[in-house]
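So the structure is just underneath, and the comments pick up after that.
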2 protein chains.
Amino acid sequence: MSRAAKIEDVASRAGVSVATVSRALRGLPHVSAATREKVLRAAEELDYRPNPHAARLAAGRSGTVGVAVPVLNSWFYANVLAGVEAVLAEEALDMHVIVVDGPDATERFIAGLPALSKRVDGLVLCDLFMPDQLWEDLAGGPVPVATVGVDTGLFDSVTIDNVAAAEAAVGHLLDLGHTRIGLIGAGPDGATDNESAALRRRGTIAALGRRGLDLPADLDVAGSFSVAGGREAMLELIGRGAPTAVFCISDEMAIGAMWAAEEAGLRVPEDLAVVGFDDQPVAEAVGLTTVRQPVSIMAARAAHLVLARLDGDDGPVQRHVMPTLLQKRKSTDFRHLTPVHAHS
Amino acid sequence: MSRAAKIEDVASRAGVSVATVSRALRGLPHVSAATREKVLRAAEELDYRPNPHAARLAAGRSGTVGVAVPVLNSWFYANVLAGVEAVLAEEALDMHVIVVDGPDATERFIAGLPALSKRVDGLVLCDLFMPDQLWEDLAGGPVPVATVGVDTGLFDSVTIDNVAAAEAAVGHLLDLGHTRIGLIGAGPDGATDNESAALRRRGTIAALGRRGLDLPADLDVAGSFSVAGGREAMLELIGRGAPTAVFCISDEMAIGAMWAAEEAGLRVPEDLAVVGFDDQPVAEAVGLTTVRQPVSIMAARAAHLVLARLDGDDGPVQRHVMPTLLQKRKSTDFRHLTPVHAHS
DNA sequence: CCGGCGAATGTAAGCGCTTGCCACTGGCGG
DNA sequence: CCGCCAGTGGCAAGCGCTTACATTCGCCGG
């Protein structure tokens, strides 16, 4: 065909007005069954495809929800995207992905926020770190927001209880008899400011504290959320006099830590117990004890929350806390006897 | 402010016409420096943000390139997205991600193709499997396409030499003295039709053939591209009488295979040599010998290729073949003595 | 048999921007 | 001193759709 059909062509072919075509095609009321049928047929025959930009301009809605993540190529965020994408695809909505990696990108993201509200109808924000003022600005804005991984109290959120999860992980290590437990985390000292990291650190300290222990500075290291980051942190720990167990706030880091341990001639779990966080498929394969969190389900729920807001739900802010589960595997399957116990 | 500023507001504030504002803001010629400055200031003062939908409708361009991938939550495709996103972000273009998982989604993708050409200016297609006819239709269409991982000859493409890479991998195994080498692949029998999988299988057979060996049916299994898929395939292989070495067409599968081996009491590399494909970070951590391919660089190049087409490049189709490298690690670090050699 | 009412449809005014085309301006050579 | 040209800038017609409002029509109760 020469030129793409427009709504007007469909209208004249069906013998109705463009308004009727628009209504019929979108399933709106006030169209008789017969007319609708006629329109559908005409559209079919012309292979009509509505122009989304025209529709969006006219309707003032974009049919798109934005998803902001710090990086794309990590298991966690890839699954966030997958979770959101799955629900959006069902609703025939577009996903606009925004990568906010590091301070510069955050700057740009913030600067682009006003413009963003024109291109997305809703927003799923994942592990974003911004000044409080901006969160409030966002809350005052027109686009519904759901956050995953962070809970500001201002928006619908879906998180896990990071503190409790970390307590469980470290508690497990303590139950095994460890007293010299390292933490491989992330934070201002590490790659980025990350709320989850801070909470897991808090949980670690809480678990330790409950047994009268603390987290000595030399066992408290931070790295980037990656295999390499975990390895480096572990190497650092080893250089300082290795702990007998280490809690890593991501599986990638834990795998890096196991690697470093091996390089240093430490056996896991005999010489070093390791626990990770996430429970990605690889964790099970390598026998890594880790905290399972339902990543893509969380993301999907966040997506549903913004969709509900788009459908007019104006109930109170919903703050979902999803369950986690400590998966015990080989990397901690060894009872550690501390010198104290050995002599008692 | 009450209502978002529109171009007209900027125009009147700057004392020029909307046409001039449009030109000034987009850096088009035929605007004097003084005028441009005036416009910029006015826009700044009003915090003006152009409405992308209006711009796209009027201009007939979408400022968006689409990226189709089979799944989001795998290392490979996550890196593809990351690679594309990085170059698009630089050009201030949007990325529209399309997940084409399985036949149904492919169907939908194909059905949506005509509509798609209105919402994207270009397309990066990754490991997509479609009837030839549709590729040709696409080639006849208005939107430039670049493929990654598959080379149809119709579009700019960036691939690796899968056959040669597999030959190198299996050749390495042969050099180590293995003669009973299994292949864990994917294909019509596996999860999806995948061109790379077919080519790697071909390379495997070629390498074997060069030594006068063949790939017996009982050592030729297929699984899904995942840890679980690799594990199941390996278990199957073990059930049939384990080979002494196995080539897996992805790292996830290789890690699954190592897991299965361990479950079965086989030591890697002594009892079973394993080689994977991709060289994702975890591979190095677990000492997996594997074929490295520059995933995100490939994706970035594909993105550049479609951008070049958008800039009017109408040169001949470019078919880039990127280098791969066999990374030898612990999982194959053992010279296997076949009975034949042992007795000679 | 008539007024009125609601459902079905049409009319047309935008939505906010881009761009082809025309009009103006001032500096320059003739 | 005049006409011409290149460089600027304005005008206005779209881009293809949505939707408020007006209109039409069939049907019912009075």
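The chains referred to below are lettered A, B, ... by the order of the sequence lines, with proteins before strands, and numbering in each begins at 1. None of these values were measured; they are calculated from a predicted model.
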Does C/dT9 have OP1 or OP2 under 4.0 Å away from a side-chain N or O of A/S32?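 Yes, A/S32 has a side-chain N/O under 4.0 Å of OP1/OP2 on C/dT9.
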
Side-chain N or O of B/T35 less than 4.0 angstrom from OP1 or OP2 on D/dT8?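 No, no such contact exists.
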
Rounded distance in Å - [atom1] ([X]) to [atom2] ([N]):
X	N	atom1	atom2	value
B/L25	C/dG16	CG	C1'	13 Å
B/L57	D/dA13	CG	P	17 Å
B/H30	C/dC22	NE2	C1'	13 Å

Sequence neighbours excluded, which residues qualify as side-chain hydrogen bond (donor to acceptor under 3.5 Å, both in side chains) partners of B/S22?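 In terms of side-chain hydrogen bond (donor to acceptor under 3.5 Å, both in side chains), with neighbours along the sequence ignored, B/S22 is linked to B/R26.
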
For A/S196, enumerate each residue passing the side-chain hydrogen bond (donor to acceptor under 3.5 Å, both in side chains) test, keeping only those at least two apart in sequence or located in another chain.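 With sequence neighbours excluded, A/S196 shows a side-chain hydrogen bond (donor to acceptor under 3.5 Å, both in side chains) to no residue whatsoever.
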
Taking N or O atoms only and anything under 3.5 Å, show me the protein contacts with nucleotides 17-19 of chain C, one pair per line.
from, atom 1, to, atom 2, distance (Å)
C/dC17, OP1, B/Y48, OH, 2.5
C/dC17, OP1, B/N51, N, 3.1
C/dC17, OP2, B/I7, N, 2.5
C/dC17, O5', B/Y48, OH, 3.4
C/dT18, OP1, B/R26, NE, 3.4
C/dT18, OP2, B/S22, OG, 2.5
C/dT19, OP1, B/R61, NH2, 2.8
C/dT19, OP2, B/R26, NH1, 3.2
C/dT19, OP2, B/R26, NH2, 3.4

Among B/T152, B/T159, B/D151, find the residue that satisfies the side chain to side chain donor-acceptor pair (under 3.5 Å) test when tested with B/R319.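 Of all the options given, the one that passes is B/D151.
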
Residue pairs involving residues 55-71 of chain B (criterion salt bridge (Lys or Arg N to Asp or Glu O under 4.0 Å); sequence neighbours excluded):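 Sorted pair list: B/R56-B/D94.
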
CA sep, side-chain torsions, deciding dist, call: B/L116, B/I98, side chain to side chain contact (heavy atoms under 4.5 Å, CB included): CA-CA 10 Å; B/L116 192 59; B/I98 308 161; 3.8 Å; yes

Any ring pair (Phe, Tyr, Trp, His ring centres under 6.0 Å) involving residues 18-66 of chain A? Give me the pairs, sequence neighbours left out, ordered by first then second residue.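 Pairs touching residues 18-66 of chain A that pass the test: none.
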
Minimum side-chain heavy-atom gap B/V150-B/L128 below 4.5 Å: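 Answer no - side chains too far apart.
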
Please name the residue in the list B/D156, B/D121, B/D314 that meets the salt bridge (charged side-chain N to carboxylate O under 4.0 Å, His left out) test with B/R309.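 Between B/R309 and the candidates, salt bridge (charged side-chain N to carboxylate O under 4.0 Å, His left out) is satisfied uniquely by B/D156.
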
Rounding to 10 degrees, work out the angle separating the end axes of the helix from C/dC1-D/dG30 to C/dG30-D/dC1 (five pairs an end).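 Inter-axis angle at the ends, rounded: 50°.
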
